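Beneath this line is the structure, given in structure tokens, with notes to follow.
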Amino acid sequence: MNTTPNLLIINGSPRGRRSLSRKMASRFEESWRNRIPDSKVLVKNVGSEPPPFVSEAWIAAVFTPPEERDEEQRKLLKYSDQAINELRAADTIVLATPMHNYGVPAAVKAWVDQVVRVGETFSFDLERGDFPLEPILAGKRLVTLTTAGEFGFTGNGIRSHLNHLHPHVEVFSRYLGVSQSWQEGIEYQEFGDKRFEDSKAKSFAAIPRIVDEVIASFLREERKEQNRIAVE
């Protein structure tokens, strides 16, 4: 971790000003900057500027040794290389996204496919037996901010069995180097009633608290490391 933790915000909504998930991300960024004014913050709007999809040529480029890649292969991997460097530089990741068809939007999945890459964010070794994949990155925090048209997707909610967004994020976050995570979400968006307004108010109110908890987790880790060094 850097002395001052850096923040990477991934906006998954294709909407602009109408997007509630973007507004949640903006609230998080505002609270974060108020707490850590000298932190570096990078915002990537993958929903409105979708990453390229993985292709056969892209896969071939990934499995070609770097020193043997031709110019076309280097071009194919340019987005991936940059996105991975941005991920490496971040200590905290905010994934702000709507739920599309009970899962993550295609643009978010495309970003994940560009950064979860063999030799860069995970290693592959058959000597490990039936579990050859291991993350390379570690120690990052993830905050998932979501919006949904329906409701009851978390906990024992009536639509929890339809929620393919949060379980998917939990799975791929391991390969982003995430060690601790938080989530907050607005529901009832398509109903537009008091339940929606209450859900929205609750979620926006929770964001500064989450920011405090994320920062506190880094401080605890720093104190633990200082104590370890003192003992040695």
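In what follows, residues are counted from 1 in the order of the sequence shown. Worth saying up front: this structure is predicted, and the values here are computed from it rather than measured.
Nearest heavy-atom pair across F204 and L20 is CZ-O, 4.3 Å. The two atoms that bring S21 and S13 nearest to each other are OG-CB, 3.6 Å, heavy atoms only. For A107 against V46, the heavy-atom pair with the smallest separation is CB-O, 3.2 Å. Summarising the geometry of G12 relative to V108, their closest heavy-atom pair is CA-CG2, 3.6 Å, with the distance given to 0.1 Å. Taking both residues in full, the closest heavy atoms of A25 and I9 are given as CB-CG2, 3.8 Å, listed atom of the first, atom of the second, then distance. Minimum interatomic distance between R69 and V62 (heavy atoms only, all atoms of both residues): NH2-O, 3.3 Å.
Put simply, V104 and I93 are part of the same group of oily side chains (I, L, V, M, F, W, Y) that touch within less than 4.5 Å, one to the next. The cluster map of Ile, Leu, Val, Met, Phe, Trp and Tyr, joined by side-chain heavy atoms under 4.5 Å apart, puts L126 and I136 in different clusters. Criterion: ILVMFWY side-chain heavy atoms under 4.5 Å apart, direct or through other members. Under it, F124 and L176 are part of a common hydrophobic cluster. Two different hydrophobic clusters hold V143 and F172 under the rule that ILVMFWY side chains link at heavy-atom gaps under 4.5 Å. A single hydrophobic cluster is not seen to contain both L76 and V118; linkage of ILVMFWY side chains at heavy-atom distances under 4.5 Å, directly or through other members, places them apart.
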(request) Start with the C-alpha distance between E221 and R141, add both sets of side-chain angles, then the distance that settles salt bridge (Lys or Arg N to Asp or Glu O under 4.0 Å), and finish with yes or no. (result) CA-CA 12 Å; E221 191 173 88; R141 276 56 167 170; 3.4 Å; yes
(request) Evaluate the criterion salt bridge (Lys or Arg N to Asp or Glu O under 4.0 Å) for residue pair R117 and D81; output intermediate values, then yes/no. (result) CA-CA 10 Å; R117 184 172 135 194; D81 289 340; 2.8 Å; yes
(request) Start with the C-alpha gap between R88 and E120, add the side-chain angles, then the distance that decides, and say whether salt bridge (Lys or Arg N to Asp or Glu O under 4.0 Å) holds. (result) CA-CA 10 Å; R88 286 196 188 104; E120 298 290 343; 2.4 Å; yes
(request) Start with the C-alpha distance between E134 and S123, add both sets of side-chain angles, then the distance that settles side-chain hydrogen bond (donor to acceptor under 3.5 Å, both in side chains), and finish with yes or no. (result) CA-CA 5 Å; E134 283 292 337; S123 61; over 6 Å; no
(request) Could you please spell out the steps behind the side chain to side chain contact (heavy atoms under 4.5 Å, CB included) verdict for L133 and Y175? (result) CA-CA 9 Å; L133 279 69; Y175 297 99; 3.9 Å; yes
(message) Could you go through S39 and W32, starting from their C-alpha distance and side-chain angles, then the distance that decides it, and tell me whether this counts as side-chain hydrogen bond (donor to acceptor under 3.5 Å, both in side chains)?
(response) CA-CA 8 Å; S39 175; W32 181 273; 2.9 Å; yes
(message) Assess the residue pair T92 and K140 against the criterion (side chain to side chain contact (heavy atoms under 4.5 Å, CB included)); give the C-alpha distance rounded to whole Å, side-chain angles, the decisive distance to 0.1 Å, and a yes or no.
(response) CA-CA 6 Å; T92 297; K140 300 183 186 298; over 6 Å; no
(request) Under the side-chain hydrogen bond (donor to acceptor under 3.5 Å, both in side chains) rule, what do R22 and S48 come out as? Steps first, then yes or no, please. (result) CA-CA 11 Å; R22 283 179 186 250; S48 56; 3.0 Å; yes
(request) Would you sort out whether E187 and S199 count as a side-chain hydrogen bond (donor to acceptor under 3.5 Å, both in side chains), showing the intermediate values? (result) CA-CA 6 Å; E187 297 186 315; S199 179; 5.5 Å; no
(message) Go through it in stages, so that I can follow the logic: the residues are E29 and V41, the test is side chain to side chain contact (heavy atoms under 4.5 Å, CB included), and I'd like the CA-CA distance, side-chain angles, deciding distance and then a yes or no.
(response) CA-CA 8 Å; E29 180 182 359; V41 179; 3.8 Å; yes
(request) Would you check, one step at a time, whether the test side chain to side chain contact (heavy atoms under 4.5 Å, CB included) holds for V94 with L7? (result) CA-CA 8 Å; V94 170; L7 177 64; 3.7 Å; yes
(request) Test ring pair (Phe, Tyr, Trp, His ring centres under 6.0 Å) on F151 and F196 and set out the steps. (result) CA-CA 9 Å; F151 64 94; F196 166 60; over 10 Å; no
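Between the side chain of R15 and the backbone N or O of S19 there is no donor-acceptor pair closer than 3.5 Å. Not one N or O on the side chain of D113 forms a donor-acceptor pair closer than 3.5 Å with the backbone of V54. In this structure, the side chain of N34 does not engage the main chain of P37 through any donor-acceptor pair within 3.5 Å. For N6 (side chain) and A90 (main-chain N/O), no donor-acceptor pair under 3.5 Å exists by modelled atom type. A donor-acceptor contact shorter than 3.5 Å is absent between the side chain of N45 and the backbone of N11. Between the side chain of S160 and the main chain of N156, no donor-acceptor pair closer than 3.5 Å is present. Checked by atom type and distance alone, the side chain of S31 never pairs as donor or acceptor with a backbone atom of F28 at under 3.5 Å.
To the nearest 0.5 Å, atoms CZ (F131) and CG (D125) are separated by 14.5 Å. The line from NZ of K23 to CG of L145 is 14.5 Å long, rounded to the nearest 0.5 Å. Remark: L137 CG to L87 CG distance equals 5.5 Å, nearest 0.5 Å. One finds the OG1 atom of T147 at 5.0 Å from the CD atom of Q189 (value rounded to the nearest 0.5 Å). Atom NE2 of H168 and atom OG of S173 lie 10.0 Å apart (nearest 0.5 Å).
With no hydrogens or angles considered, no side-chain donor-acceptor pair links S179 and R174 at under 3.5 Å. Using modelled atom types and a 3.5 Å distance limit, the side chains of W58 and Q114 yield a donor-acceptor pair. For the 3.5 Å distance criterion, the side chains of S203 and E184 qualify, holding a donor opposite an acceptor. Using a 3.5 Å distance cut-off with no hydrogens or angles, the side chains of E197 and Y188 do not pair a donor with an acceptor.
Inter-residue side-chain proximity for P51 and K44 is flagged as unmet; no heavy-atom pair is nearer than 4.5 Å. Side-chain contact between N163 and P167: present, with at least one pair of heavy atoms (C-beta onward) separated by less than 4.5 Å.
Remark: R195 qualifies as a cation-pi partner of F191 under the 6.0 Å distance and 45° angle criteria applied to the six-membered ring.
In summary, R74 and D70 do not engage in a salt bridge, as defined by a charged side-chain N under 4.0 Å from a carboxylate O. A salt bridge does not link D38 with R33: none of the charged nitrogens is closer than 4.0 Å to a carboxylate oxygen. At a threshold of 4.0 Å, the pair D198-K194 counts as salt-bridged, since one of the basic side-chain nitrogens sits closer than that to a carboxylate oxygen.
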